[in-house]
Amino acid sequence: MSAEIASLSFTLLALNFNHIMTSANSEAPIRVRIAPSPTGDPHVGTAYIGLLNYIYARQRGGKFILRIEDTDRTRFVSTSEQMIFDSLRWAGLTWDEGPDVGGPLGPYRQSERTAIYREHAEILLKNGTAYRCFCTPEELEATRKQQLAAKLPPRYPGTCRRLTPEQIAGNEAAKKPYTIRLAVPPHGNDLTASTTFRDELRGNITFEHGNVDDQVLMKSDGFPTYHLANVVDDHLMQITDVIRAEEWISSTPKHVLLYKAFDWQTPRFWHMPLLRNLDKSKISKRKNPVSLIYYRDSGYLPSAILNFLGLMGGGMPADFKSTPDSIAEKFTLDEMVQHFVFTDIRVGGPVFDLTKLKWLNGEYLRALSPEDFFLAVRNSVFSDDYLRRISALMQTRIETLTQFGDLTGFFFSDNVIPPAEVWIPKKRTPEDTLTFATDQLAVLETTDWTHDALEAALKKLGEEKQWSVKENFMLLRAIITGSTMSPPLLESMIVFGKARSLDRARRFLEAQKKAAAKK
RNA sequence: GGCGUUAUGGUGUAACUGGUUAACACGUCGCCCUCUCAAGGCGAAGAGUCCGGGUUCGAGCCCCGGUAACGCUACCA
């Protein structure tokens, strides 16, 4: 009941205020978080949500927390966590509490909190809001297929929910592996048929329980799923506002049900629009560079990226200007903290359009002093580290120092376009070559960026598709370097970096497809 | 298929509690500047606000009904 009153008065506030506002339960100091999973390169989407959380916290004197959601062992990438730290710091989004900086409510890495989740799952088991499920993945998959075939929504049939205490004891005695599932009402004496929650940007959203599945909370490997871990951690870490992407709306009722099962107060939910590809689908690496590493290595400035992200979905006053004669739509992180209005965010998914980002980046570059510009060039495209690694590839290949540039231009260019005679092998058609190049890209995407892994993966692909090692490597060389002559390919790609190599390959394919379509 | 969300030029946004020819930025095109390319300056084209009804003197803003796109629909997050 008090929650209802709280949400009602919040509604009134929302209607009357068009400015920074606090909610009915504003006694609690604001605490927000981002919770990326270390499953690969740090994502622009993470930076976007990070930016919003950062601004929200700074505006209200609150805390911004970084939590690592590493509960999925199968997708875990060991180098990912450090890259997340590095790229978020590079962007200028610093956190108050996190795995590397500590804090009073840690640990901030979910893999270090498994005991906590187990205890909490136990509470749910005891109070009847969750149950053990002994179904095997195979059984689950089979019923899923049946349901799909029968055009029914795929849903857990609740088999194990009806197990008798004796059956459960028997299964446990037999050491059968099990998961723990949320018992979505109605069950026991909880007969509620739907869950309604408030999204601060959209208003109330209701889900009938018939459409909410008995979600797995604890996997059979002892790790929690996102749903359990996120609710438990948000509560324990005293998160007041959950600011996350729109894709979570559908699972929010499960989270609300969990808060209720624990008898905890729910945080406010703010679901932000999803960044989109040009075709309006959710932003993805197949259609857009999404790695923050890519933007860093390709010479984008953090200030430009943050500024551009701040443009996504609105939030800044339309007439905002740093100074009367400064250009439109250009503002700093501090200015966003100063002027950003959360309730003005548009919820239609904005297209992440590189064209405008490039313009903005150019604006920031031009605004630098000549010396700072020089230093920016010096510290990125011509950094000692980069030059040193390229030099190592060049020493045996040149007779005068100035020949250095002859073979290494591709390391310093953005646009590399190999001519047809360079990329199409003599015995292949353009179509076959493009098909193979597409396969190469797919392989590269999932391969560790080391010499041996790359070599093995590429050779394996070549064998499968009947492409000789020479054809195979020459094609990739053409795509990456634009030429038939270059320093050793794999070493070059390693120095050039995974993010940029993949982007170059992607852009090559895109350009060729476009050219083919024109004919 | 089910559920949910969203909908203003190619893209990002604006339009006070419904009120003049829907505004700004990016991009595109043209002109100027100029050894080139940018930058900069000037200008233009491009949407009648997803569609159909309704309310109103008047609707991008309100109501009803459609449509489309996107998201979710995992022992992924």
Side-chain angles (χ1 to χ4, degrees), chain A residues 15-16 18 35-40 43 45-46 68-76 110 133-141 144 147-156 177-181 194 197 199 201-203 205-213 215-230 244-254 271 273-283 308-321 327-330 344-360 362-363 365-366:
Chain A
L15 287 172
N16 294 329
N18 197 20
S37 349
T39 53
H43 200 274
T46 304
I68 295 293
E69 305 231 338
D70 54 352
T71 56
D72 184 356
R73 310 172 325 182
T74 59
R75 295 205 303 156
F76 181 75
Q110 290 187 328
C133 172
F134 298 92
C135 297
T136 65
E138 294 72 34
E139 289 167 354
L140 258 17
E141 186 53 32
R144 229 178 78 86
Q147 289 167 330
L148 248 21
K151 298 218 169 192
L152 290 166
R155 203 117 57 204
Y156 180 65
Y178 63 87
T179 62
I180 296 174
R181 283 181 185 272
S194 68
F197 62 91
D199 177 277
L201 259 19
R202 293 159 245 255
I205 299 175
T206 299
F207 284 81
E208 301 295 327
H209 286 170
N211 296 317
V212 183
D213 208 4
Q215 185 58 237
V216 169
L217 303 175
M218 289 290 277
K219 303 179 237 182
S220 53
D221 65 3
F223 279 83
T225 58
Y226 169 87
H227 307 283
L228 207 226
N230 137 80
R244 70 210 330 179
E246 183 183 359
E247 56 191 332
W248 292 109
I249 289 179
S250 325
S251 35
T252 304
K254 293 168 187 170
H271 290 99
L274 236 27
L275 265 21
R276 308 296 180 93
N277 297 314
L278 234 23
D279 63 6
K280 296 273 185 185
S281 55
K282 169 170 134 179
I283 194 166
F308 182 64
L309 254 13
L311 250 16
M312 304 277 91
M316 281 298 270
D319 55 355
F320 175 80
K321 295 232 177 208
I327 65 166
E329 302 190 329
K330 192 181 172 198
D344 282 354
I345 292 174
R346 290 269 139 197
V347 286
V351 171
F352 188 87
D353 186 1
L354 266 332
T355 312
K356 191 159 182 173
L357 171 57
K358 279 188 187 152
W359 161 75
L360 245 192
E363 286 294 339
L365 251 21
R366 271 172 249 128

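We name chains A, B, ... by the order of the sequence lines, and we start the count at 1 in each one.
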Please give, in whole Å, the distance from B:U13 P to A:F308 CZ?
9 Å

When we call it a touch if two heavy atoms are under 4.0 Å apart, what does A:Q147 touch: a base, just sugar-phosphate, or nothing?
nothing

Say we look at B:C50 and B:A14: how far apart would their P atoms be, to the nearest angstrom?
15 Å

Across all strands, who's sitting opposite B:A14 as a Watson-Crick or G-U wobble pair, both distances under 3.5 Å?
none

Is there a side-chain contact between A:R346 and the phosphate of B:A14, meaning an N or O under 4.0 Å from OP1 or OP2?
yes

Nucleotide opposite B:A68 in a Watson-Crick or G-U pair, distances under 3.5 Å
B:U6

If you compare every side-chain N and O of A:R155 against the phosphate oxygens of B:G2 (OP1, OP2), does one of them come in below 4.0 Å?
no

Given RNA chain B, 5'-ward residue of the pair A:K356 and A:S251, judged by closest heavy atom:
A:K356

Residues A:K330, A:E363: salt bridge by 4.0 Å N-O rule
no

Do side-chain atoms of A:D213 reach the backbone of A:Q215 as a donor and acceptor pair under 3.5 angstrom?
no

Could you identify the nucleotide paired to B:G1, looking across every strand shown and requiring Watson-Crick or G-U wobble geometry with both distances under 3.5 Å?
B:U73

Using atom C1' in both nucleotides, what's the gap between B:A39 and B:U34 to the nearest angstrom?
12 Å

Which nucleotide, if any, forms a Watson-Crick or G-U wobble pair with B:A44, using both distances under 3.5 Å?
B:U28

Counting heavy atoms from C-beta on, name the nucleotide in B:G1, B:A25, B:A74 closest to the side chain of A:P153.
B:G1

Touch class at under 4.0 angstrom, heavy-atom based, for A:T39 against every strand present
nothing

Would you give the length of the straight line joining atom NZ of A:K321 to atom CD of A:E329, rounded to the nearest 0.5 angstrom?
9.5 Å

Rounded to whole Å, the CG-P distance (A:L217 to B:A74) equals 15 Å

Counting only side-chain nitrogens and oxygens, does A:K219 get under 4.0 Å of the OP1 or OP2 atom of B:C76?
yes

Look at all strands and tell whether A:S37 reaches a base, only sugar-phosphate, or nothing, counting heavy atoms closer than 4.0 Å.
sugar-phosphate

Check every strand shown and say whether A:E329 touches a base, only sugar-phosphate, or nothing at a heavy-atom separation below 4.0 Å.
base

Does A:T355 contact B:C26 through a side-chain donor or acceptor facing the base, at a distance under 3.5 Å?
no

Nearest 0.5 Å please: distance from the CZ atom of A:F197 over to the CD1 atom of A:I249.
6.0 Å

Closest approach to the side chain of A:T225, judged atom by atom: which nucleotide of B:A25, B:A77, B:G71 is it?
B:A77

Separation of atom CG in A:L360 from atom P in B:U11, rounded to whole Å:
18 Å

Tell me whether A:K219 contacts the main-chain N or O of A:T71 through its side chain, where contact means a donor paired with an acceptor under 3.5 Å.
yes

Consider the side chain of A:W248, meaning its heavy atoms from C-beta on, and name the nucleotide among B:U5, B:C75, B:A77 that approaches it most closely.
B:A77

Atom C1', compared across B:A15 and B:A23: separation rounded to whole Å:
7 Å

Looking only at B:A77, B:C75, B:G1, the nucleotide nearest the A:P154 side chain is B:G1

Atom CZ of A:R155 with >12 non-hydrogen neighbours under 6.0 angstrom
yes

Once you apply a heavy-atom cut-off of 4.0 Å, does A:C133 come out as touching a base, just sugar-phosphate, or nothing?
nothing

Considering every strand shown, what is the Watson-Crick or G-U wobble mate of B:U34 when both distances are under 3.5 Å?
none

Please give the distance between the C1' atoms of B:U17 and B:G53 as a whole number of Å.
26 Å

Tell me the partner of B:A59, counting only Watson-Crick (N1-N3 plus N6-O4 or O6-N4) or G-U wobble (N1-O2 and O6-N3) with both under 3.5 Å; none if nothing fits.
none

P spacing across the pair B:C24 / B:C32, given as an integer number of angstrom
25 Å

Mind checking the P distance from B:U21 to B:A38? Whole angstroms is fine.
39 Å

Write down the distance separating the P atoms in B:U8 and B:G48, rounded off to the nearest Å.
12 Å

Straight-line distance of A:M312 CE to A:I345 CD1, nearest 0.5 Å
12.5 Å

Could you work out which one of B:G2, B:C75, B:U5 sits closest to the side chain of A:R202?
B:U5

Using a cut-off of 4.0 Å on non-hydrogen atoms, how would the nucleic acid contact of A:M312 be classed: base, sugar-phosphate, or nothing?
sugar-phosphate

Candidate nucleotides B:C72, B:A39, B:C76, ranked by approach to the side chain of A:K282 - the nearest
B:C72

Which listed nucleotide (B:G4, B:A25, B:A74) is nearest to the side chain of A:W359?
B:A25

Using a cut-off of 4.0 Å on non-hydrogen atoms, how would the nucleic acid contact of A:T206 be classed: base, sugar-phosphate, or nothing?
sugar-phosphate

Hey, is the side chain of A:S250 poking within less than 4.0 Å of OP1 or OP2 on B:U5, counting only N and O atoms?
no

Starting at atom NZ of A:K280, determine the distance to atom C1' of B:G71, rounded to an integer number of angstrom.
14 Å

Give me the ring orientation class for A:W248 and A:Y226: parallel if the planes are under 30° apart, tilted from 30 to 60°, perpendicular past 60°.
parallel

Residues A:D72 and A:R75 bridged, charged N to O under 4.0 Å
yes

Nearest-nucleotide wise, let me know which of A:L311 and A:R366 is further upstream toward the 5' end of RNA chain B.
A:L311

Under 3.5 Å, is there an N or O donor on one side and an acceptor on the other linking the side chain of A:E246 and the base of B:G4?
no

Does B:G48 sit syn or anti, given that only angles within 90° of 0 count as syn?
syn

What's the spacing between A:N277 CG and A:D353 CG if we round to 0.5 Å?
11.0 Å

Touch class at under 4.0 angstrom, heavy-atom based, for A:L148 against every strand present
nothing

Between B:G12, B:A14, B:U5, which one does the side chain of A:A318 approach most closely?
B:A14

How many Å lie between NZ on A:K358 and C1' on B:A39, as a whole number?
17 Å

Could you check how far CD of A:E247 sits from P of B:U6, rounded to whole Å?
16 Å

Categorize A:P350 for me: base, sugar-phosphate, or nothing, with a 4.0 angstrom heavy-atom threshold over every strand shown.
sugar-phosphate

Atom pair distance, as rounded to whole Å: CZ in A:F320 and C1' in B:U13
15 Å

Would you mind reading off the distance between A:L309 atom CG and B:G12 atom P, rounded to a whole angstrom?
14 Å

Taking B:A44 as the reference, what is the distance to B:U6 when you measure between their C1' atoms (whole Å, please)?
33 Å

Among B:C76, B:G4, B:G12, which nucleotide sits nearest the side chain of A:F207?
B:G4

